[in-house]
There are 2 protein chains.
Amino acid sequence: MSKSARARTQRNRDGQEPKIHLGELDNHLGYFVRRLQHWIFRDVNAALAPLALDVILYSILETIAANQGAAQIAIAGRLGIERARMVALLDELQQAGLIVRERSEQDRRAHALGLTPRGRMILKKANVAVAAHEKRVARRLGADNYRRARAALAQFETD
Amino acid sequence: MSKSARARTQRNRDGQEPKIHLGELDNHLGYFVRRLQHWIFRDVNAALAPLALDVILYSILETIAANQGAAQIAIAGRLGIERARMVALLDELQQAGLIVRERSEQDRRAHALGLTPRGRMILKKANVAVAAHEKRVARRLGADNYRRARAALAQFETD
DNA sequence: TATTGTTATACTCTATAACTATA
DNA sequence: TATAGTTATAGAGTATAACAATA
């Protein structure tokens with residue numbers, strides 16, 4: 001190993017950690033997206049924890065609310081959740097008394113999903129918590145950056 | 001269930017799936033970030049697969065290259081990887097002959113990480129593949145959106 | 001006492017395949 | 001034959017705790 005390389009394993013003179021550079025990663029949107037996503041994920045989950053929800057359960061509740069009577073596979077497909085995994089997530093929401101699964105009259109293979117009164121009440125509280133989280137994201141990112149990022153990313157459509 | 005709710009479990013007249021709305025999710029940066037991150041993750045991993053790498057192994061290689069001689073914990077900390085998980089990832093890179101772990105002369109607990117000649121060669125090819133991926137992201141997002149998103153997100157600093 | 005690398009464990013997430021009841 | 005929901009399983013990712021060597 002070169003002398004300069006060896007030097008980087010040491011602490012600096014002032015006792016600080018040596019600064020780690022990112023190389024090409026600094027030019028890749030994917031790195032920044034992953035870093036932001038990680039922070040957002042933890043912050044929003046902390047915000048939802050008092051309601052016994054996480055961001056996935058919340059997203060399912062909100063999507064059911066916006067599409068009363070939709071089938072499991074439709075909600076799962078829109079949110080990018082495997083239908084096999086959806087089963088356990090809906091079991092959880094149902095056991096918590098937040099949703100109902102009724103057999104669809106049009107297609108008796110399908111379950112028509114809906115919120116219970118309690119589900120609507122919890123969702124309302126969740127939306128308050130998530131709005132507060134969203135403000136933290138905006139403050140953290142800076143108001144202008146937040147607006148620009150949201151505008152830019154909102155136009156991305158998955159296959 | 002109401003008649004309108006019941007209607008949404010059906011296909012439309014033209015046989016198309018009924019459109020699923022996102023409700024409040026449409027106002028949350030986190031939803032867009034997650035969606036983009038998912039697409040990027042799959043695309044970059046497909047780009048790196050021919051080199052027997054994924055985006056995590058690539059990120060480690062690139063960061064080692066930019067910080068020759070750094071310790072495992074320093075690289076792991078910068079990339080947000082648990083040091084326990086780092087062990088298996090470095091095992092993989094070492095078995096593939098891409099990196100070396102030398103005992104640090106300054107701190108004999110630590111491993112000084114470095115790339116082998118083969119590691120440098122593979123990393124060079126990986127950076128070509130990732131640059132092509134980055135162009136796909138930019139095209140998919142639109143050149144302006146891509147620039148705005150990168151500029152906005154680059155300023156986000158994790159704790 | 002604290003830290004680096006390591007091992008082990010448990011939990012979650014993802015991806016598949018197969019089964020049932022319906023279409 | 002194909003689809004919606006379900007069950008089961010294997011692999012990957014994440015989070016912890018504990019240990020040996022070293023600081």
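Just so it is clear, the values below take in all heavy atoms, side chains as well, and ignore hydrogens, waters and symmetry mates.
- Gln37(B) has its CD atom 12 Å from the P atom of dG13(D), to the nearest Å.
- Within residues 76-87 of chain A, the residues that place at least one heavy atom under 4.0 Å from DNA chain D are, in residue-number order, Arg83(A), Ala84(A), Val87(A).
- Atom-to-atom, CD of Gln94(B) to P of dG5(C) comes out at 13 Å; the value is rounded to the nearest Å.
- A straight line from CZ of Arg42(A) to C1' of dG13(D) spans 15 Å, rounded to a whole angstrom.
- A donor-acceptor pair under 3.5 Å is formed between the side chain of Asn45(A) and the backbone N or O of Val55(A).
- Lys125(A) is linked by a side chain to side chain contact (heavy atoms under 4.5 Å, CB included) to Leu51(A), Met121(A), counting only residues two or more places apart in sequence or in another chain.
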Restricting both atoms to N or O, compile the protein contacts to nucleotides 20-23 of chain D shorter than 3.5 Å, with distance only.
| unit_1 | atom_1 | unit_2 | atom_2 | d |
| --- | --- | --- | --- | --- |
| dA23(D) | OP1 | Arg108(B) | N | 3.0 |

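- The distance from atom CG of Leu89(B) to atom C1' of dT4(C) is 17 Å, rounded to the nearest whole Å.
- Mapping Arg101(A) and Ile56(B) onto DNA chain D via the closest heavy atom, the residue that lands nearer the 5' end is Arg101(A).
- The CG atom of Asn45(B) sits 12 Å away from the P atom of dA12(D) (whole-angstrom rounding).
- The CD1-C1' distance, from Ile99(B) to dG5(C), rounds to 13 Å in whole Å.
- Atom-to-atom, CD1 of Ile60(A) to C1' of dG5(D) comes out at 15 Å; the value is rounded to the nearest Å.
- Within the 4.5 Å cutoff, side-chain heavy atoms of Arg42(A) are placed close to those of His38(A).
- More than 12 heavy-atom neighbours from other residues, nucleotides or ligands sit within 6.0 angstrom of CZ on Arg136(A).
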What donor-acceptor contacts under 3.5 angstrom involve side-chain atoms of residues 80-98 of chain B, with partners at least two apart or in another chain?
| unit_1 | atom_1 | unit_2 | atom_2 | d |
| --- | --- | --- | --- | --- |
| Asp91(B) | OD1 | Arg101(B) | NH2 | 2.2 |
| Gln94(B) | OE1 | Arg101(B) | NE | 3.0 |
| Gln94(B) | OE1 | Arg101(B) | NH2 | 3.1 |

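- Counting to the nearest Å, the P atom of dG5(C) and the CD atom of Glu102(B) are 14 Å from each other.
- Considering only residues two or more places apart in sequence or on other chains, Phe156(B) meets the ring-ring contact (aromatic ring centres under 6.0 Å, His included) condition with Trp39(A).
- Applying the 6.0 Å contact sphere to CZ of Arg118(B) captures no more than 12 heavy atoms from other residues, nucleotides or ligands.
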Show me the donor-acceptor pairs, under 3.5 Å and distance only, between side chains in residues 23-32 of chain A and residues at least two apart or in other chains.
| unit_1 | atom_1 | unit_2 | atom_2 | d |
| --- | --- | --- | --- | --- |
| Glu24(A) | OE1 | Asn27(A) | ND2 | 3.4 |

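- Leu115(A) pairs in a side-chain contact (heavy atoms from CB on, under 4.5 Å) with only one of the listed residues (Ile122(A), Ile64(A), Val100(A)), which is Ile64(A).
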